[in-house]
Structure formats: structure tokens, C-alpha cells
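Keep in mind it's a predicted model, so treat the numbers as computed, not measured. The first residue of the sequence shown is numbered 1, and numbering continues consecutively from there.
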Amino acid sequence: MKTRLFCILALVCIVAARAQENQTPKCSISGSVEDSLSHQPMEAFNVTLSPGHKSVVSDAKGNFEFKDVDPETYHLVARLQFLASSEKIVSLTCSQDLSGIRLKVDPMGIIVGTVMDENGEPVVNAEVDLVARDYYRGKLRYILVSTAQANDKGDYSLNRVRPGYKYLVYASRRERKLDAISKVPANPKLRKNVFEPAYFGGADRPEGAQVLILRPGERREGVDFKLRRTQGWCIDGVIQEGAEPAEALFQIAESQPHSGFSPSTEGAMFKMPPSGHTGKDGKFRICDLHPGEYAVTTVVFGSQSSGADIPSMFAVTEASITDGDIHDLRIAPRPRIPILGEVVWDGPAPSQPVQGEIHLFVQPIGRPGWKGENESFNAKSQIPGQFSFPGLFMDEYNVRIWGVPSDSYLKEATYSGTSMLSAPIVPGSRGDSTMRIVLGRDGGVIQAKVVDKDGQAIPDTSLVIMAADVASPALLADSIIRASSDQNGAYTSGRLAPGKYVVIATDSSVDFSADCIDKLWAIRNKAQPIELAPNGSASVTVELTSIN
């Protein structure tokens with residue numbers, strides 16, 4: 001009996017010892033978050049480690065540490081509200097304790113100035129917007145990223161201006177609350193003139209605006225506006241549900257610049273446009289409009305039983321004002337449109353079932369979700385499998401997709417046969433409201449090494465990978481892979497579709513602004529394309545290239 005018990009205990013010890021031997025030795029990462037100018041420690045920043053989405057908070061000395069980390073390549077970034085550090089990529093080997101990582105945060109800048117009329121009087125409550133110029137889902141867009149309001153002296157202060165980015169500044173003056181039927185006289189000659197918006201520099205269009213670039217922590221003064229008055233015009237019409245008039249909410253805003261997600265700032269700001277409510281007759285009359293391009297949004301809300309504050313029908317109608325009123329605009333909001341989709345493999349499926357799910361998230365391009373609408377923005381699917389969005393309005397949406405297995409790549413993502421990766425979807429705009437996600441299993445890997453002229457590795461260097469045959473800057477913006485070399489000057493991509501690629505290394509920061517994308521587009525042919533074969537691996541050694 002004792003002998004048997006001894007054998008069992010010995011066996012348990014052997015199994016435990018072997019299990020311990022088979023465990024991969026853990027690693028650790030430590031460092032600090034600091035102000036890039038003063039080098040002062042920055043407390044309470046949320047430092048995230050991906051993959052794995054682990055997070056810690058920097059202490060009073062700006063220090064952070066991740067323990068028990070598996071050997072792998074990780075992305076590190078620190079964030080606090082509107083502030084973010086530069087991203088670091090680190091590669092860990094078995095039992096490595098990597099210390100001394102410095103995450104630098106550029107302090108935000110401030111823009112101050114005045115808004116006056118042509119007589120030198122302050123334009124009280126004028127709105128001043130910070131505008132980013134971004135390529136986003138197939139086109140160049142001007143997107144609001146921050147806003148301020150002029151006081152009774154015409155003074156304003158725009159905070160949270162990210163340094164190093166090219167911005168436009170836009171000033172306007174509009175009443176936010178609209179009557180269903182404006183009391184402005186029908187005869188244009190009897191109307192008061194209205195303020196015409198302007199970009200800094202005096203231009204009425206973004207193409208002619210003066211660009212501002214701030215240094216870290218800079219306070220830029222003297223960004224002043226003089227708004228002139230012009231003839232005001234009106235839009236009138238009726239909102240209908242079928243053939244009958246409908247009581248509805250209506251909003252009006254300039255088509256550009258608009259609210260929404262900005263790729264260059266990697267965030268979103270939504271500004272409530274001027275709005276009003278019709279009566280049961282569905283009639284509206286919006287006045288005091290300067291010449292320009294507008295988007296009229298109309299929303300019909302549900303019944304008491306289905307939720308009186310939840311939209312049931314929706315429409316966005318474009319309107320262009322030049323030198324006259326627009327009369328009898330008929331708007332027919334439409335109900336939500338269900339969308340079905342599937343996730344499939346390109347070619348034979350793996351021999352073993354894939355654990356995990358594909359996740360999809362849709363987001364309106366220029367507005368926040370309405371109450372009761374956000375619940376319809378998420379979907380997920382097994383691999384392979386099916387998914388659905390229960391109902392989306394006929395509007396422009398961006399689609400985000402994640403959860404692709406690490407040994408696969410996203411080969412195709414379409415809605416009604418058109419790519420969702422380079423253009424927004426508009427539910428109901430095509431006959432076939434079906435999404436299709438295709439995953440490829442023949443992808444390859446690009447391994448890049450960044451060196452100086454003497455062949456020495458350069459760590460923490462910006463890297464860009466782009467398809468060699470990309471057709472335009474807008475398509476480049478939607479497909480570019482932005483990365484950086486690790487502490488050893490190396491970078492390894494995830495699985496990519498077979499084909500020709502260009503790899504560029506630069507000591508300049510790389511972002512998703514239109515300015516940076518245009519620079520990358522201009523130098524793309526200076527790099528030698530590399531061929532990535534199916535299931536292959538391509539290695540490339542690159543030296544620094546200036547993108548300025």
C-alpha cells in the first residue's frame with residue numbers, strides 16, 4: 001500500500017514538473033509616461049498593451065509596469081481623455097524584462113481670436129470650429145473636431161488643438177432653434193441680411209482657407225474673423241409618410257464641414273445642427289440661409305406603444321441654394337432596412353473548426369445614433385456563419401470589422417457587391433441588401449528591418465505598408481497599414497493578401513490626415529515593390545525616407 005502511494009505521489013510530481021517545464025517563461029514591460037516638452041511625469045494615463053488589451057494606470061511618477069506577459073510583439077500607447085502618446089512597438093523573447101519604455105505625450109495647443117462683423121462689432125454667440133481635412137471612405141472630407149463660441153466681446157478660445165496637424169478654422173452664426181414655419185418675409189427685399197460663414201483667411205470654401213499648424217503646447221493668437229452679411233434665402237416644403245403629411249423633426253446643416261469620426265484625430269465630435277418640429281401638417285419653412293450646399297435631415301418618431309422618442313422613419317435630403325428660395329421640397333422618410341450577411345472562407349475551410357467570432361460595427365458618417373438606434377449597430381458571426389443588422393436607416397455608414405483569425409486575412413467585404421472598405425454603405429440604395437465577408441487563408445507575411453546608411457538598426461521608426469497598385473490617395477487612406485519598428489528596428493506584419501507591396505520607413509510621424517496621405521502618395525514610387533507570394537514571407541531592409 002505504501003509502495004503504491006509513493007508511486008502515485010512520484011507520478012504526480014513528475015507530471016507537475018513537466019507541466020512547469022512546458023510553460024513559456026513570462027516577461028515584463030515597464031516604463032514611464034512623460035510630457036514631450038517638459039519631460040515631467042504624467043499621472044493617471046491609461047496605458048494599454050495589445051494584443052490582449054491589458055491596461056494599467058501610470059502612477060504619480062508617470063511609471064507603469066506589465067507583469068506576467070507572454071513573449072510576443074506588442075503595441076503600447078497611453079491615453080487620457082483627449083491626450084494620447086506616440087505608439088511604441090516592442091518585441092519580447094522568453095523571460096525578457098524590458099524596461100525604460102518612454103511614452104511621450106505632446107501637450108495640446110490653443111487657438112484664440114475674435115469674430116467681428118464688417119462694422120467691427122462683435123458677432124455674439126458666433127460658432128468657431130476646428131476642421132480636419134481627411135480622406136475617409138473613398139472621398140476627401142472636412143470634419144469638425146472641436147468647437148467654441150464667441151462671447152459678448154467676440155472673443156473665442158479653441159482648446160484641444162493637436163500639435164503638428166494641419167487644421168482649418170471656420171466661423172459661422174446661426175440660430176439653433178427653428179420654428180416650423182419661419183416668420184421671415186416672403187419678399188426677399190424685405191428680409192434682413194444674414195452672416196455668411198468664412199474660413200480663416202477670408203475664404204468661403206475650404207480649398208482657399210489658410211492652414212494652421214501648432215507646436216506642442218502653443219497658444220496661437222490673432223486668428224480673427226470678419227463676417228460679412230449677405231442675402232438670406234428660404235427652403236419650404238412638406239414631410240410625408242406615404243401620401244399623408246407627417247409630424248416630424250427637421251434639421252439643417254452645411255454639407256461641409258460636417259460632424260463625425262475623424263481618422264486623423266482618431267475620435268469623433270458631433271455638433272447638434274439647427275432644428276425644429278413640424279405640426280401635423282408636416283410643413284416647414286427654414287430661412288436665414290446663406291448660399292451654399294445643405295443637408296436636410298428629417299425624422300418621424302414612433303407611436304406611444306413603440307416608443308414616442310424612438311425614430312421610426314428617417315431621410316437625408318441634399319439642397320443647394322444659389323440666388324433664390326427653394327419651394328415645395330417634398331421629403332418622404334423611409335423606415336429601417338434589415339440587412340443580412342454571411343462570413344465565408346475563400347476556398348476550403350480549415351480542417352479544424354475556428355474558435356472565435358467576426359464582429360461588425362456600423363457608424364453613421366456624419367451624425368450620432370438616435371435613441372433606440374445604437375442597439376442595431378453591432379453584429380457578430382461564427383466563422384463561417386451568418387449575421388444580421390435588424391434595421392438601419394437609409395444613410396451613409398462606415399463599417400468596422402474585427403476578429404479575423406491571426407492565420408487569415410480579410411480578403412473581401414462587400415455590401416450589394418460593392419466594397420465596404422473603400423466607400424460607405426447606404427442601406428436600401430441597391431436592390432440586394434446583403435453583406436458578404438470573405439476570409440482568405442493564403443496570406444503571407446512581410447518582415448521589415450529599418451537601418452541607417454551603415455546598416456545599423458533604427459528602433460521606434462514609423463513604417464508604412466501600402467499596396468503597390470493602389471489607385472488614388474482616397475483609396476490609399478482606406479487601405480494603408482501604419483506601424484513602427486520595435487526596439488530592435490524590426491517589424492513583422494500580420495497576414496496580408498498575396499500581391500505587390502511598398503514599404504516605406506520615415507522619421508516623420510505618420511497619421512491619417514489628408515496632408516500625410518498626399519505626401520505618401522507622392523513618394524510611393526520611390527520605393528522598390530516587393531512581391532508577397534501566397535502563403536509566403538517577404539523580407540525587406542529599408543532606410544529612412546523623408547515624406548516632407
Would you find a donor on one side and an acceptor on the other, under 3.5 Å apart, between the side chain of Asp179 and the backbone of Ile181?
no
Going by atom types only, do Glu254 and His290 share a side-chain donor-acceptor pair under 3.5 Å?
yes
Looking just at side-chain N and O atoms, do Glu293 and Ser320 make a donor-acceptor pair shorter than 3.5 Å?
yes
Glu87/Lys104 ion pair, N-O < 4.0 Å
no
Within the distance-only criterion (no hydrogens, no angle test), does the side chain of Arg482 pair as donor or acceptor with the backbone N or O of Val510 below 3.5 angstrom?
yes
Are the side chain of Arg174 and the backbone N or O of Asp288 linked by a donor-acceptor pair below 3.5 Å?
yes
With a cut-off of 3.5 Å and sequence neighbours excluded, list every side-chain donor-acceptor pair involving residues 201-218.
unit_1	atom_1	unit_2	atom_2	d
Glu218	OE1	Arg215	N	2.8
Glu218	OE2	Arg220	NE	2.7
Glu218	OE2	Arg220	NH2	3.3

Donor-acceptor under 3.5 Å (Ser38 side chain, Asp35 main chain)
no
Within 45° of the ring axis of Phe82 and under 6.0 Å from its six-membered ring centre, is that where the NZ or CZ of Arg160 lies?
yes
Side chains of Thr114 and Asp155: do they bring a donor and an acceptor to under 3.5 Å?
no
Sidechain N-carboxylate O distance under 4.0 Å for Arg102, Glu34
yes
So do the side chains of Val131 and Val145 get within less than 4.5 Å of each other, counting heavy atoms only?
no
Any carboxylate oxygen within less than 4.0 angstrom of a Lys/Arg side-chain nitrogen, looking at Arg336 and Glu375?
no
Run the salt-bridge test on Glu221 and Arg219 with the 4.0 Å N-O cut-off and return the result as yes or no.
yes
Please determine, by modelled atom types, if Asp515 and Ser513 share a side-chain donor-acceptor pair under 3.5 angstrom.
no
Hey, are Lys226 and Asp224 close enough for a salt bridge, meaning a charged N less than 4.0 Å from a carboxylate O?
no
Return yes when atom CZ of Arg79 has more than 12 non-hydrogen atoms of other residues, nucleotides or ligands closer than 6.0 Å, and no otherwise.
no
Any side-chain heavy atom of Asp117 within less than 4.5 Å of one from Leu227?
no
Is it the case that the side chain of Asn151 and the backbone of Lys153 share a donor-acceptor pair, with hydrogens and angles ignored and the cut-off at 3.5 Å?
yes
Check the side chains of Asp478 and Ser422 for a donor-acceptor pair under 3.5 angstrom, ignoring hydrogens and angles.
no
Between Ser262 and Asp134, does a side-chain hydrogen bond (donor to acceptor under 3.5 Å, both in side chains) hold up when you go through it step by step?
CA-CA 7 Å; Ser262 165; Asp134 292 346; 2.6 Å; yes
Can you check whether Arg191 reaches Cys234 side chain to side chain, under 4.5 Å on heavy atoms?
yes
Would you list the pairs meeting ring-ring contact (aromatic ring centres under 6.0 Å, His included) in which at least one residue belongs to residues 120-158, sequence neighbours left out?
Tyr136-Phe261
Report yes or no: does Thr278 contribute a side-chain atom to a donor-acceptor pair with the main-chain N or O of Phe284 at less than 3.5 Å?
no
Quick check: does any side chain N or O of Asp325 sit under 3.5 Å from a backbone N or O of His327, one acting as donor and the other as acceptor?
no
Side chain to side chain contact (heavy atoms under 4.5 Å, CB included), that's the test. Do Ile286 and Leu178 meet it? Break it down for me.
CA-CA 7 Å; Ile286 309 168; Leu178 304 178; 4.0 Å; yes
Check Leu37 against Pro107 and note the closest heavy-atom contact, atom names and distance.
CD1-CG, 3.8 Å
Glu175 atom CD, neighbour heavy-atom count above 12 within 6.0 Å:
no
Is it the case that the side chain of Ser462 and the backbone of Ser508 share a donor-acceptor pair, with hydrogens and angles ignored and the cut-off at 3.5 Å?
yes
Leu83: which residues meet the side chain to side chain contact (heavy atoms under 4.5 Å, CB included) condition with it, sequence neighbours left out?
Phe45, Val105, Met108
Could you pull out all residues at least two apart from Glu121 that satisfy side-chain hydrogen bond (donor to acceptor under 3.5 Å, both in side chains)?
none
Quick one: do Ser264 and Asp511 satisfy side-chain hydrogen bond (donor to acceptor under 3.5 Å, both in side chains)? Show the steps, please.
CA-CA 6 Å; Ser264 62; Asp511 56 63; 6.0 Å; no
Residues Leu76, Thr48; criterion side chain to side chain contact (heavy atoms under 4.5 Å, CB included); working and verdict:
CA-CA 6 Å; Leu76 274 168; Thr48 57; over 6 Å; no
Under the side chain to side chain contact (heavy atoms under 4.5 Å, CB included) test, which residues partner Ser182, sequence neighbours left out?
Val184, Arg285, Cys287
Would a 4.5 Å heavy-atom cut-off, applied to side chains only, mark Ile480 and Phe512 as touching?
yes
Side chains of Asp460 and Lys88 in contact at under 4.5 Å (non-hydrogen atoms)
yes
List the residues meeting side chain to side chain contact (heavy atoms under 4.5 Å, CB included) with Ile326, not counting sequence neighbours, and say none if there are none.
Ile235, Ala319, Ile321
Do NZ/NE/NH1/NH2 and the carboxylate oxygens of Glu127 and Arg176 come within less than 4.0 Å?
yes
State whether Glu118 and Arg228 are salt-bridged, where the test is any N-O pair (Lys NZ or Arg NE/NH1/NH2 against Asp/Glu carboxylate O) under 4.0 Å.
no
With side chain to side chain contact (heavy atoms under 4.5 Å, CB included) as the criterion, how do Met420 and Arg137 come out once you've worked through the C-alpha distance, each side chain's angles and the decisive distance to 0.1 Å?
CA-CA 8 Å; Met420 300 188 295; Arg137 287 300 180 252; over 6 Å; no
Mind telling me whether Tyr199 and Tyr170 have parallel, tilted or perpendicular rings, with 30° and 60° as the class edges?
tilted
Are a donor atom and an acceptor atom from the side chains of Glu318 and Ser255 found within less than 3.5 Å of each other?
yes
Find out whether Leu158 and Asp129 are in side-chain contact, i.e. whether some heavy atom of one side chain is under 4.5 Å from a heavy atom of the other.
no
Applying side-chain hydrogen bond (donor to acceptor under 3.5 Å, both in side chains), run through Ser433 and Tyr415 and close with a yes or a no.
CA-CA 7 Å; Ser433 297; Tyr415 172 71; 3.1 Å; yes
Please check this pair: side chain of Asp236 against backbone of Asp328, looking for a donor-acceptor N/O pair closer than 3.5 Å.
yes
Has Thr506 got a side-chain atom pairing as donor or acceptor with Thr545's backbone, closer than 3.5 angstrom?
yes
Hey, mind stepping through Thr147 and Leu130 against side chain to side chain contact (heavy atoms under 4.5 Å, CB included) and telling me if it holds?
CA-CA 6 Å; Thr147 190; Leu130 192 67; over 6 Å; no
